[in-house]
Student: 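What follows is a single structure, and I will ask about it in a moment.
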Protein chains: 4
Amino acid sequence: MACSRYEYVKSYEQDDSILPNVWIVIRIDGKKFHKFSKIHDFEKPNDENALNLMNAAAIAVMEEFRDIVLAYGQSDEYSFVFRKETQAFKRRSAKLLTYVTSLFSTNYVMQWPQWMKDRKLNYAPCFDGRVVLYPSDENLRDYLSWRQADVHVNNLYNTAFWKLVLDKGLSNQQAEERLRGTFSADKNELLFQEFGINYNNMPAMYRKGTILMRKRLELQPGDKTRQVIVPLHDDLISSKFWKTHTELLGKYTPGSYKTTAELPRLLTNQLEQQFENQAIIS
Amino acid sequence: MACSRYEYVKSYEQDDSILPNVWIVIRIDGKKFHKFSKIHDFEKPNDENALNLMNAAAIAVMEEFRDIVLAYGQSDEYSFVFRKETQAFKRRSAKLLTYVTSLFSTNYVMQWPQWMKDRKLNYAPCFDGRVVLYPSDENLRDYLSWRQADVHVNNLYNTAFWKLVLDKGLSNQQAEERLRGTFSADKNELLFQEFGINYNNMPAMYRKGTILMRKRLELQPGDKTRQVIVPLHDDLISSKFWKTHTELLGKYTPGSYKTTAELPRLLTNQLEQQFENQAIIS
Amino acid sequence: MACSRYEYVKSYEQDDSILPNVWIVIRIDGKKFHKFSKIHDFEKPNDENALNLMNAAAIAVMEEFRDIVLAYGQSDEYSFVFRKETQAFKRRSAKLLTYVTSLFSTNYVMQWPQWMKDRKLNYAPCFDGRVVLYPSDENLRDYLSWRQADVHVNNLYNTAFWKLVLDKGLSNQQAEERLRGTFSADKNELLFQEFGINYNNMPAMYRKGTILMRKRLELQPGDKTRQVIVPLHDDLISSKFWKTHTELLGKYTPGSYKTTAELPRLLTNQLEQQFENQAIIS
Amino acid sequence: MACSRYEYVKSYEQDDSILPNVWIVIRIDGKKFHKFSKIHDFEKPNDENALNLMNAAAIAVMEEFRDIVLAYGQSDEYSFVFRKETQAFKRRSAKLLTYVTSLFSTNYVMQWPQWMKDRKLNYAPCFDGRVVLYPSDENLRDYLSWRQADVHVNNLYNTAFWKLVLDKGLSNQQAEERLRGTFSADKNELLFQEFGINYNNMPAMYRKGTILMRKRLELQPGDKTRQVIVPLHDDLISSKFWKTHTELLGKYTPGSYKTTAELPRLLTNQLEQQFENQAIIS
């Protein structure tokens with residue numbers, strides 16, 4: 001065969017199978033999204049549509065890879081959690097990593113118009129991805145808590161910062177100086193005193209990020225239940241979250257809600273629509 | 001700090017730096033592109049526009065990552081060769097792998113309308129990627145030869161197969177049976193005898209795939225030379241290729257052509273245009 | 001500095017730190033010990049002294065590396081279990097692996113005369129070693145059960161085989177044929193019917209292998225307790241074992257026995273002596 | 001089968017095959033040999049017998065593993081170079097690493113009495129080992145040059161240091177202070193002026209370390225040539241070394257000397273003897 005002389009090069013591919021029985025987390029992250037968000041006029045400190053575009057791309061990834069039991073997104077990053085037992089792609093690290101990263105990337109571009117409307121996508125965005133392994137359930141919870149603590153710290157800062165810049169007319173540098181060395185309590189107080197804002201009343205998606213999980217529910221009372229991917233903006237640091245969604249750390253089967261009546265507060269309008277259109281898998 | 005208790009999870013990220021002084025090849029590959037090409041009405045056996053869309057996405061990747069000295073594409077796959085000495089992203093395997101895969105993926109979607117015109121992109125495509133390391137120059141040449149021998153074998157078969165199906169009206173199964181056990185010479189003969197086709201006169205892009213390299217050249221005689229990414233459809237198995245493009249295995253600097261006059265046969269019209277518009281980096 | 005020009009080669013050493021929070025098992029295994037045991041006249045099917053030499057070498061390894069909480073040996077192999085949290089040698093895989101393998105190897109040679117008496121060591125033995133990671137306690141238990149099930153199957157076979165050869169005068173081939181296709185029950189029956197042997201009364205070390213653990217105990221009633229490495233020949237497949245030695249899977253501190261009075265059945269004479277002489281660490 | 005329920009744990013062993021076509025260097029290193037050499041009264045700054053014991057252990061390793069084309073030792077370390085193409089143990093990293101480390105370790109203990117005579121081995125020594133990969137011949141040369149530059153720098157320092165301590169009666173601290181900040185030329189001058197020593201006349205084994213290679217030679221003029229492992233104390237930093245021993249970087253076959261007459265200056269008496277006794281492999 002013509003190609004046989006060269007085929008030995010295939011043997012240079014090295015096995016990268018992931019150790020069995022560990023949580024596999026794939027986190028993707030926007031490359032140079034500071035600049036990207038500026039060029040595309042993202043609202044500051046949070047652009048609801050841009051966040052929902054991230055959520056929509058992540059939902060598409062979860063629809064494709066059924067062994068992802070939870071995804072968590074905030075800012076320009078998204079973490080996907082494969083269940084410990086997954087045999088998807090024989091647990092080959094590069095396969096899992098690139099499929100998730102590629103599919104997220106293409107969905108981000110394809111769904112851009114739907115969420116960003118008349119804001120044109122000026123150039124191709126790029127996401128990096130990494131695989132991190134967590135042996136214990138506690139490790140996994142701590143990982144997710146780490147990411148959610150991160151969004152809390154950053155969003156509180158950004159909320160105060162942009163209020164000072166946009167409403168008070170401070171320069172970026174002045175706002176930075178004003179906030180330097182302040183604690184959470186200080187920033188809460190500043191928002192309340194100077195802007196009449198109760199931080200805890202800000203939209204949960206901004207304060208908590210977005211959790212995606214599979215749930216079975218009736219779309220209309222009395223309907224057959226269907227499996228859908230549901231976005232939540234809950235506190236996942238608390239143990240209450242894990243007691244409510246016991247399927248995550250147990251033997252995995254999608255959890256269930258009785259009716260959509262339990263969900264409304266969770267779903268942004270846009271996601272509700274998408275959820276009806278396409279997140280329904282059966 | 002609020003998040004410090006959880007920050008230990010960051011230490012679970014493992015170092016994946018690539019051994020120094022080896023060629024780094026990243027090959028991306030379309031996921032389920034057999035089905036994808038059917039749904040999107042790709043011409044058989046080769047869809048010139050679909051191939052040029054691949055080429056255009058690959059050019060965008062090379063424009064971004066300057067340490068890629070050569071890329072080679074055929075069918076639904078593309079290989080990117082980073083020079084041995086690259087320090088890009090500290091040679092971290094996952095970073096290199098995901099940036100290349102993600103940027104290729106987003107460009108494929110963004111540039112779809114430009115190449116595929118009124119064929120709508122029905123769903124988000126997905127590419128996997130892998131990293132393979134080659135210690136010696138000979139290994140690298142053999143790797144690229146392996147991929148080019150692959151396109152030769154496949155394209156000759158596909159050309160004959162689709163002629164039998166499309167022109168002779170054979171069913172897929174009948175065409176398969178007709179070609180079972182034939183050698184290259186047999187298929188060449190079949191094309192010539194039954195369809196009057198000299199296989200060697202088929203477009204070089206179909207027979208040889210596409211090689212992308214950086215070259216400095218004058219766009220117009222007398223112009224300042226500029227660095228561009230040039231597509232070739234040459235035989236890279238022969239040593240002539242490597243003698244012509246000595247920059248590849250030597251101490252790397254982009255090679256040079258005197259004028260575009262040397263290039264015309266290389267460039268499809270579409271790529272020429274793009275090359276004028278955007279491949280010019282300086 | 002004279003050597004600086006070459007020092008870059010140090011950067012080719014790659015990080016091999018082991019993922020945190022997993023059980024680290026290092027198993028060493030005699031190279032070509034079938035031949036080695038023949039040349040050194042090991043008694044068949046079990047050579048008590050040769051096994052105790054293995055045990056003595058393993059005890060020396062446990063004395064040196066305090067994060068080994070359990071070791072399990074049978075035939076010419078020994079497994080060492082590092083606690084999940086160990087930071088020994090920064091969890092660098094090659095360091096842990098080679099220290100254990102090297103120290104076991106040198107102790108095997110040094111303690112040879114003490115156990116093998118007038119049998120001379122004719123050439124240098126060699127052991128290979130491997131690192132295997134187990135994320136969960138259940139995995140670890142199953143690993144150890146796997147090794148103990150292995151010794152059961154092999155030892156029952158070997159006991160019957162050598163009885164047929166040594167007592168009945170069968171050739172090796174005849175003995176093999178006689179045992180082909182038999183189940184455990186058949187071999188038990190054969191031993192009982194033809195040789196009057198109740199397999200369950202054979203020495204536990206042969207049937208169960210040797211478990212090494214750290215325990216605190218009084219050497220004489222009323223003495224201050226001291227930490228020693230204790231050999232057991234118990235059934236570790238049963239959950240009883242893990243309920244008795246709760247320190248293994250809990251937050252590790254050496255377990256305790258009240259007095260040596262609880263131990264006698266566990267210790268061979270030879271190990272008792274060694275245990276008094278040198279296994280006493282504090 | 002009794003053990004099948006547990007056998008799944010075998011699948012947790014991960015593939016560690018080494019990339020093809022790279023030089024594989026395994027370096028072993030004495031653990032806490034500063035203390036070990038003190039307790040065993042090694043002569044300072046160099047103990048000829050202790051070095052030859054290292055050499056003898058390394059020769060035993062080379063006799064066993066035929067794909068080691070060169071070994072280089074100095075102080076308490078030894079590097080073993082496997083040829084690029086080796087398929088020994090399917091290039092599994094842990095296998096290669098532990099076999100070399102274990103066999104070196106057991107030989108060190110077994111051959112101790114032969115070299116150290118009435119100095120008793122008080123406790124089991126221990127060596128760590130690591131695998132380092134070098135893609136190019138230049139890398140390999142630079143690696144070995146790095147180790148030889150290291151022995152030069154250390155030995156010159158140690159020679160001066162111990163002269164000051166042993167002959168001049170300085171304390172360790174005084175000797176350190178005296179040498180602080182000195183260059184090679186200063187230390188050469190000090191040895192010459194104060195002790196009448198021309199450093200370049202010191203034994204080559206101390207200044208250059210020991211290189212082991214396979215050679216074919218006639219033991220007596222006219223004899224059939226035989227393959228033996230030959231120790232050299234040459235300068236391997238210079239290109240002369242590599243021009244003399246062209247087999248190393250070429251397609252490997254053992255090099256040849258015409259007669260032992262070319263060797264005498266290379267061999268210590270002790271190694272000559274061993275070389276006659278046991279290094280003769282065919």
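Owing to the predicted nature of the structure, the values given are computational and were not obtained by experimental measurement. In the text below, chain A, chain B and the rest are named by the order of the sequence lines, each starting its count at 1.
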Student: Write out, in numerical order, the residues from residues 132-142 of chain C with a heavy atom short of 4.5 Å from a heavy atom in chain D.
Tutor: C:Val132, C:Leu133, C:Tyr134, C:Pro135, C:Glu138, C:Asn139, C:Asp142
Student: Using the salt bridge (charged side-chain N to carboxylate O under 4.0 Å, His left out) criterion, which residues pair with D:Arg119? Sequence neighbours excluded.
Tutor: D:Asp47
Student: Which side-chain N or O atoms in residues 123-131 of chain C pair as donor and acceptor under 3.5 Å with protein atoms at least two apart or in another chain?
Tutor:
unit_1	atom_1	unit_2	atom_2	d
C:Asp128	OD2	D:Lys95	NZ	2.4
C:Arg130	NH1	D:Glu13	OE1	3.0

Student: Looking at C:Val109, C:Asp16, C:Leu144, which makes the most heavy-atom pairs under 4.5 Å with chain D?
Tutor: C:Val109
Student: When only heavy atoms count and the cut-off is under 4.5 Å, which of residues 19-32 of chain C reach chain D?
Tutor: C:Arg27, C:Lys31
Student: Report which part of D:Leu96 has an atom under 4.5 Å of a heavy atom belonging to chain C: side chain, backbone, both, or neither.
Tutor: neither
Student: Does any backbone or side-chain atom of C:Glu64 lie under 4.5 Å from a heavy atom of chain D? Answer side chain, backbone, both or neither.
Tutor: side chain
Student: How long is the straight-line distance from CZ of D:Phe104 back to OG of C:Ser102, given to the nearest 0.5 Å?
Tutor: 9.5 Å
Student: Any chance you could measure C:Trp146, atom CH2, to D:Arg5, atom CZ, to the nearest 0.5 Å?
Tutor: 15.5 Å
Student: Using a 4.5 Å cut-off on heavy atoms from C-beta on, say whether the side chain of C:Thr98 contacts that of D:Thr101.
Tutor: yes
